[in-house]
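First comes the structure, then the notes that go with it.
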Amino acid sequence: MSKPSIPEGTRDFGPEQVRKRNYIFDTVRTVFAKFGFQPLETPAMENLSTLTGKYGDEGDKLLFKILNNGDYLSKADEQALANRDSNKLISSIAKRGLRYDLTVPFARYVVMNRGTLSFPFKRYQVQPVWRADRPQRGRYREFFQCDADVIGSESLHYEAELAQIYDEAFQELKLPVTIKINHRKVLFGIAEAAGIADKFMDMTVAVDKLDKVGIEGVRKELSERGISESAIDTIEKILASPDLSSLKPVFANSPTGLEGLDEIEKVFKYLNAAPLTNEIQFDITLARGLSYYTGCIFEVIASGIKMGSIGGGGRYADLTGVFGVPGLSGVGISFGADRIYDVLEELNLFPESLSESVKLLLISFDEPSFEYAFQCATKLRKLGVSTEIYPDPGKLKKQFEYAAKRQIPFVAIAGESEMANGTLNLKNQENGEQQELTPEKIAELLNA
RNA sequence: GAGGUUGUAGCUCAGCAGGUUAGAGCGUCGGAUUGUGGUUCCGAAGGUCGGGGGUUCGAGCCCCCUCUUCCUCCCCA
């Protein structure tokens, strides 16, 4: 028997970690609810047909597939098996997969329940997703996303509201961030202005790396992707003027690009009326999520720390279309809870109060006083005090040490004299003050 | 998925061209202290040296495979 282990890229969460994670989830959920989003949960596994083809070729590779139950090989594609063609074999031996994000399952849900939903439908969802990526810092194979999406409206004020949600949530978490915004039509506008609309994808992938590899790196990659020198020069010129108004003349011949600029301007107009705490900036190099985004796109970066994006989102004009219901435009954002956790931990931003679990520990000397303490514990819990009783009566030193290690703020001694008086000797572990009180008085004091 | 990297006590790490019973600090447990904690002192427990195979008289150390960690690419939260 070998030592037990857990799969690559997964983690256990101890009591302290769960408390901290819940702090993030609760914060985000509260903000979502305040903006009128309703909770939704979907299964960990989806039919593979729901998931494949939604995230691009890369995404399909990163999907976890679930092997069919039973004698799955009896129904396997003989030819694919003989040819060792894994890709072709999959559909015949796996019909389900683990969810890769929350947006596609949401779209699937909307389509299945379109008859009963009233639009625009706003939902939030906090659940784990799985990706067969190679794990790294801030990158896990199982991680939680906290999504808020609204489907069934093209109103740009939702883009502004989602930016406000980011702003408010990170303000609550005391984590300074930069919210980046761009528009896929603006990206398309660049390609159009450079006369390489057919190479739009290649251009976007390259341009996205500007802050990482610099302009020379981008030029090199554009060139490698078969884009002409003159087009590259145009692109460079556009990238060098990443100001909304200065882009308008450049996009004179790109109606799509102008449309994108207009939409971003409108979002900014809404936001100007109610300034955000965190910085929001237009970033013309921001690409992300090419699979289904069509309008505004967002990304959130934590300030002052090296970590990938901790949030992202955007508008997808027709995600439900692939499930047979076209014409429903949606927009949504996602919080990467695990990365936010890592950042908060590294910057020491979790509140102290999270470590406090039980408020009171009862300790005793012998069987009679233990029985008395047990009764007191029952009474105190009824009065709303989270109480624990030390299981082995006897040496006080040991029991006090337990309280100290567990960081329990109050200890109450149940001894002979206390038993006689119907009281407990309550000690404040922080300042050492001690007083003899009835359980009722103690509850009153600790609940205050 | 490609390349690199890491793995010794619960935790952080030592370890000698390959040479007998693998060490330290912290933590844990017991005692000094039989109604009072995070200090001090004393003592103890705890290791298939990630796992499997190989080379060797002999492997924690060398070779192969595998798992895991972190990193770069890809991509993303």
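This structure is a prediction, so every number in the text was calculated from the model and none was measured. Numbered from 1 within each chain, the chains take letters A, B, ... in sequence-line order.
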| said: So A:Gly308, base contact, sugar-phosphate only, or nothing? Heavy-atom distance under 4.0 Å. | reply: nothing

| For the pair made of CG in A:Asp208 and P in B:C76, what is the distance, rounded to whole Å? | 8 Å

| query | Is it true that A:Lys220 and A:Glu216 make a salt bridge, defined as a side-chain N closer than 4.0 Å to a carboxylate O? | reply | no

| message | Side chain of A:Lys209 only, heavy atoms from C-beta on: which candidate in B:A77, B:U72, B:C74 is closest? | response | B:C74

| remark: Looking only at B:U28, B:A77, B:C71, the nucleotide nearest the A:Arg137 side chain is B:C71

| task | May I have the distance from A:Arg99 (atom CZ) to B:C76 (atom P), rounded to whole angstrom? | result | 20 Å

| message | Judged by each residue's nearest nucleotide on RNA chain B, which is more toward the 5′ side, A:Glu8 or A:Leu62? | response | A:Glu8

| note | Atom OH of A:Tyr292 and atom C1' of B:C75 are separated, to the nearest Å, by 14 Å

| Rounding to a whole Å, what distance do you find between A:Asp101:CG and B:A77:P? | 8 Å

| message | Just to be sure I understand the rule, does A:Gly59 reach a base, reach only the sugar-phosphate, or reach nothing, if contact means heavy atoms closer than 4.0 Å? | response | nothing

| request: Take nucleotides 35-47 of chain B nucleotide by nucleotide from the 5' end and write B, S or -, depending on whether a protein heavy atom sits under 4.0 Å from the base, only from the sugar-phosphate, or from neither. | output: BBBB---------

| said: Please give the distance between the P atoms of B:U8 and B:U48 as a whole number of Å. | reply: 12 Å

| remark: Separation of B:A77 atom P from A:Phe298 atom CZ, nearest Å, is 14 Å

| query | Between B:C70 and B:U12, how far is it from one P atom to the other, in whole Å? | reply | 12 Å

| query | When the nearest nucleotide of RNA chain B is assigned to A:Pro7 and to A:Lys405 on a heavy-atom basis, which residue is associated with the more 5' position? | reply | A:Lys405

| message | Between B:C61 and B:A17, how many Å separate the two P atoms, rounded to a whole number? | response | 15 Å

| request: Fit a plane to each ring of A:Phe37 and A:Phe32, take the angle between them on a 0 to 90° scale, and name the class: parallel (under 30°), tilted (30 to 60°) or perpendicular (over 60°). | output: tilted

| field | Nearest-angstrom distance from the residue atom CG of A:Asp392 to C1' of B:U34 | value | 16 Å

| Distance, nearest 0.5 Å, that separates OG1 of A:Thr27 from CG of A:Leu175 | 11.5 Å

| query | Does a salt bridge link A:Glu168 with A:Lys34, judged by any charged N lying under 4.0 Å from a carboxylate O? | reply | yes

| message | Taking only the C1' atom of each, what is the distance from B:A9 to B:C76 in whole angstrom? | response | 38 Å

| Which whole number of Å gives the distance between the C1' atom of B:G27 and that of B:C11? | 7 Å

| task | Quote, to the nearest angstrom, the P distance that separates B:A22 from B:A45. | result | 14 Å

| said: Using atom C1' in both nucleotides, what's the gap between B:U39 and B:C26 to the nearest angstrom? | reply: 16 Å

| Spacing of the C1' atoms in B:G46 and B:U56 (rounded, Å) | 32 Å

| task | May I have the distance from A:Tyr55 (atom OH) to B:C74 (atom C1'), rounded to whole angstrom? | result | 19 Å

| query | According to the interplanar angle, ranging from 0 to 90°, do the rings of A:Tyr100 and A:Tyr55 count as parallel (below 30°), tilted (30 to 60°) or perpendicular (above 60°)? | reply | tilted

| query | Taking atom types as modelled and ignoring hydrogens, do the side chains of A:Gln125 and A:Thr42 form a donor-acceptor contact shorter than 3.5 angstrom? | reply | yes

| Salt bridge or not for A:Asp392 and A:Lys398, using N-O below 4.0 Å? | no

| request: Show your working on ring pair (Phe, Tyr, Trp, His ring centres under 6.0 Å) between A:Tyr341 and A:Phe144 and close with a plain yes or no. | output: CA-CA 11 Å; A:Tyr341 181 103; A:Phe144 269 71; over 10 Å; no

| task | Check whether any side-chain N or O of A:Lys212 sits under 4.0 Å from OP1 or OP2 of B:C73, and answer yes or no. | result | yes

| field | Check against salt bridge (Lys or Arg N to Asp or Glu O under 4.0 Å), A:Arg137 and A:Glu346 | value | CA-CA 12 Å; A:Arg137 167 187 161 86; A:Glu346 208 164 316; 3.2 Å; yes

| Does A:Arg339 get its side chain close enough to the base of B:C76, under 3.5 Å, for a donor-acceptor pair? | yes

| field | Range-with-range stems of RNA chain B (Watson-Crick or G-U pairs under 3.5 Å, three or more in a row) | value | B:1-4 with B:70-73, B:10-13 with B:23-26, B:28-32 with B:40-44, B:50-54 with B:62-66

| request: Check step by step if side-chain contact (heavy atoms from CB on, under 4.5 Å) holds for A:Glu221 and A:Val205. | output: CA-CA 9 Å; A:Glu221 175 144 3; A:Val205 171; 4.0 Å; yes

| task | Run the salt-bridge test on A:Arg21 and A:Asp338 with the 4.0 Å N-O cut-off and return the result as yes or no. | result | yes

| message | Classify A:Gln136 by what it touches in the nucleic acid, base, sugar-phosphate, or nothing, heavy-atom distance under 4.0 Å. | response | base

| Can you tell me how far C1' of B:C70 sits from CG of A:Asp133, to the nearest Å? | 15 Å

| query | Looking across every strand, which nucleic acid part, if any, lies under 4.0 Å from A:Gly313 by heavy atom: base, sugar-phosphate, or nothing? | reply | nothing

